[in-house]
Trainee: 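Encoded as structure tokens, here's the structure I'll be asking about.
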Amino acid sequence: STVVLVFQALALKKQEDEASLSEFRFCVDKGDKIRMGEALGR
Amino acid sequence: MHTSSQGRNPFVVPGATVATILMLGALHARRMYNDKKIEEAKESGVELELQPDVKAKFLNMLPLRSISRFWGSLTSTELPIWLRPYAHRAWARAFHSNLEEVALPLDQYASLKDFFVRALKEGSRPIDSDPHSLVSPVDGTIMRVGELKEGVLIEQVKGFSYSVSSLLGSGSFFPLIAAKEASEDSSLQEKNLRDEGTKSWWRISLASPKLRESSSSRPITGLFYCVIYLGLGDYHRVHSPVDWNVLLRRHFSGRLYPVNERATRTIKNLYVENERVVLEGRWQEGYMAIAAIGATSIGSIKLSIEPDLRTNQPRKKLLQSEAPEERVYEPEGTGLSVKKGEEVAVFNMG
């Protein structure tokens with residue numbers, strides 16, 4: 001079985017917003033093993 | 001190999017059996033050799049391309065849904081109590097399940113099917129506490145991650161991609177969410193938009209998934225994706241990756257091809273053709289969708305938030321072009337509120 005997640009998140013950081021906003025980053029890569037509850041991205 | 005008809009040696013194997021064993025051995029050796037080559041290619045960073053093969057064509061002719069349901073009935077057979085620990089341990093050994101984290105003693109799982117959908121001991125899967133994190137909904141292996149670019153395609157393998165709208169359904173909530181964000185003034189949007197008075201600058205297009213605004217000083221959001229494969233020994237319950245509102249459920253009654261790595265390399269449109277359940281909704285950053293895709297052995301999906309839904313049902317004729325069955329959750333526009341880490345679905349055997 002397979003699960004596909006599709007979601008919207010901040011993609012680009014604007015200079016004037018740097019203090020308060022940051023873009024979405026995955027913290028996993030292709031081939032990684034992951035368990036439920038572990039962070040996929042922040 | 002042959003002896004006289006009167007005095008057969010019981011330890012001598014007939015020639016046809018020897019030939020069959022040799023043939024199977026040769027096929028297995030070839031498969032192992034191919035797998036080794038693929039593994040070496042992956043280690044050296046070579047991307048795999050789609051290679052349709054005879055097996056894929058053969059699978060197309062098989063009644064995979066019927067096979068899946070038969071497998072489901074077989075594995076739901078109640079086992080004698082004394083046999084249960086042996087059967088479940090054998091499964092765990094074969095597919096690398098961790099028996100330390102199983103919630104109940106093994107003899108309390110009456111069938112293999114019950115064991116397969118086992119819950120885990122409390123605390124086995126701590127949820128990442130960072131309020132800005134998006135967590136994995138399942139145990140598994142990451143197949144793909146990335147941001148959707150022009151054309152809204154997810155790559156299955158090098159040189160072959162499938163469209164997100166085909167996977168999730170063409171009547172996606174994308175425009176509806178954009179329209180809502182254009183007219184509403186909710187706290188979720190406040191977080192995203194940072195004190196902006198009007199939201200009318202939002203617009204969205206499936207051809208270009210970035211949500212842009214007319215003023216260049218405002219943030220730009222994108223659409224991201226993550227594909228996770230669950231092995232047979234993995235924990236098979238699906239949890240919520242974030243706090244969100246589920247607005248709609250879509251059920252596609254499709255084929256049930258296997259979805260292992262080999263299948264992704266040999267069967268085109270694998271995820272788009274297979275039976276699946278899609279949940280769509282909204283989280284603090286905007287749109288969110290989860291697609292739970294079935295396979296031959298794990299053909300049905302049960303939703304915790306909609307227990308009446310039945311999947312992998314017998315059908316007289318399967319039409320691939322058939323529209324998915326949809327349900328909009330009440331109250332319309334708000335839907336069901338689901339917390340990060342909350343269970344939303346279970347993959348079942350057969």
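Per chain, numbering begins at 1; letters A, B, ... match sequence-line order.
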Trainee: Count the heavy-atom pairs under 4.5 Å between each of B:Pro241, B:Ala291, B:Gly146 and chain A, then report the option with the highest count.
Mentor: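 Of the options given, most contacts go to B:Ala291.
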Trainee: Would you call B:Arg255 and B:Glu275 a salt bridge, using N to O less than 4.0 angstrom?
Mentor: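 The answer is no: the pair does not qualify as a salt bridge.
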Trainee: Could you have a look at B:Tyr229, B:Phe224, B:Tyr225 and say which one has the most heavy-atom pairs with chain A under 4.5 angstrom?
Mentor: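 Greatest number of close heavy-atom pairs with chain A: B:Phe224.
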Trainee: Which atoms of B:Pro137 are under 4.5 Å from chain A, going by heavy atoms: the side chain, the backbone, both sets, or neither?
Mentor: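 Looking at B:Pro137, backbone and side chain both touch chain A.
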Trainee: With only heavy atoms counted, which part of B:Ser297 is less than 4.5 Å from chain A, the side chain, the backbone, both or neither?
Mentor: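 Interface part for B:Ser297: neither.
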Trainee: I'd like to know which of B:Ser124, B:Ala295, B:Gly231, B:Ser133 tops the heavy-atom pair count under 4.5 Å against chain A.
Mentor: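 Among B:Ser124, B:Ala295, B:Gly231, B:Ser133, the one with the most close pairs to chain A is B:Ser133.
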Trainee: Tell me, for B:Leu167 versus chain A, whether the close heavy atoms (under 4.5 Å) come from the side chain, the backbone, both or neither.
Mentor: side chain
Trainee: Return the option, out of B:Ile298, B:Val145, B:Ile127, B:Leu232, with the maximum number of heavy-atom pairs under 4.5 Å with chain A.
Mentor: B:Val145
Trainee: Do the charged groups of B:Asp139 and B:Arg125 touch, with an N to O distance under 4.0 Å?
Mentor: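 B:Arg125 and B:Asp139: salt-bridged.
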Trainee: Is it true that A:Gln8 and B:Thr221 share a donor-acceptor pair across their side chains at a distance under 3.5 Å?
Mentor: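 On atom types as modelled, these side chains qualify, holding a pair under 3.5 Å.
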Trainee: Could you tell me whether a side-chain N or O of B:Asn274 sits under 3.5 Å from a main-chain N or O of B:Gly294, the two making a donor and an acceptor?
Mentor: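 Looks like yes, one N/O pair under 3.5 Å.
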Trainee: Would you mind checking if A:Arg25 and A:Glu23 are paired as a salt bridge, meaning a charged N to carboxylate O distance below 4.0 Å?
Mentor: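 Looking at A:Glu23 and A:Arg25, the cut-off is met.
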Trainee: Among B:Val259, B:Asn260, B:Ile228, who wins on heavy-atom pairs under 4.5 Å with chain A?
Mentor: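 Counting heavy-atom pairs under 4.5 Å, the top option is B:Ile228.
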Trainee: Please check if any side-chain donor atom of B:Lys302 sits under 3.5 Å from a side-chain acceptor atom of B:Thr311, or the reverse.
Mentor: no
Trainee: Are B:Tyr287 and A:Phe7 an aromatic pair, judged by ring center distance below 6.0 Å?
Mentor: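 Ring centroids of A:Phe7 and B:Tyr287 are no less than 6.0 Å from each other.
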Trainee: Of the backbone (N, CA, C, O) and the side chain (C-beta and beyond), which part of B:Ile154 lies under 4.5 Å from a heavy atom of chain A, both, or neither?
Mentor: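 It is the side chain, since no backbone atom gets that close.
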Trainee: Identify which of B:Pro131, B:Pro126, B:Gly140, B:Ser240 forms the greatest number of heavy-atom pairs closer than 4.5 Å to chain A.
Mentor: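 Ranked by contacts with chain A, first place is B:Gly140.
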Trainee: Report the option among A:Ala39, A:Gly37, A:Gly31 that has the most heavy-atom pairs separated by less than 4.5 Å from atoms of chain B.
Mentor: A:Gly37
Trainee: Do the charged groups of B:Arg237 and B:Glu343 touch, with an N to O distance under 4.0 Å?
Mentor: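 A salt bridge is present here (some side-chain N lies under 4.0 Å from a carboxylate O).
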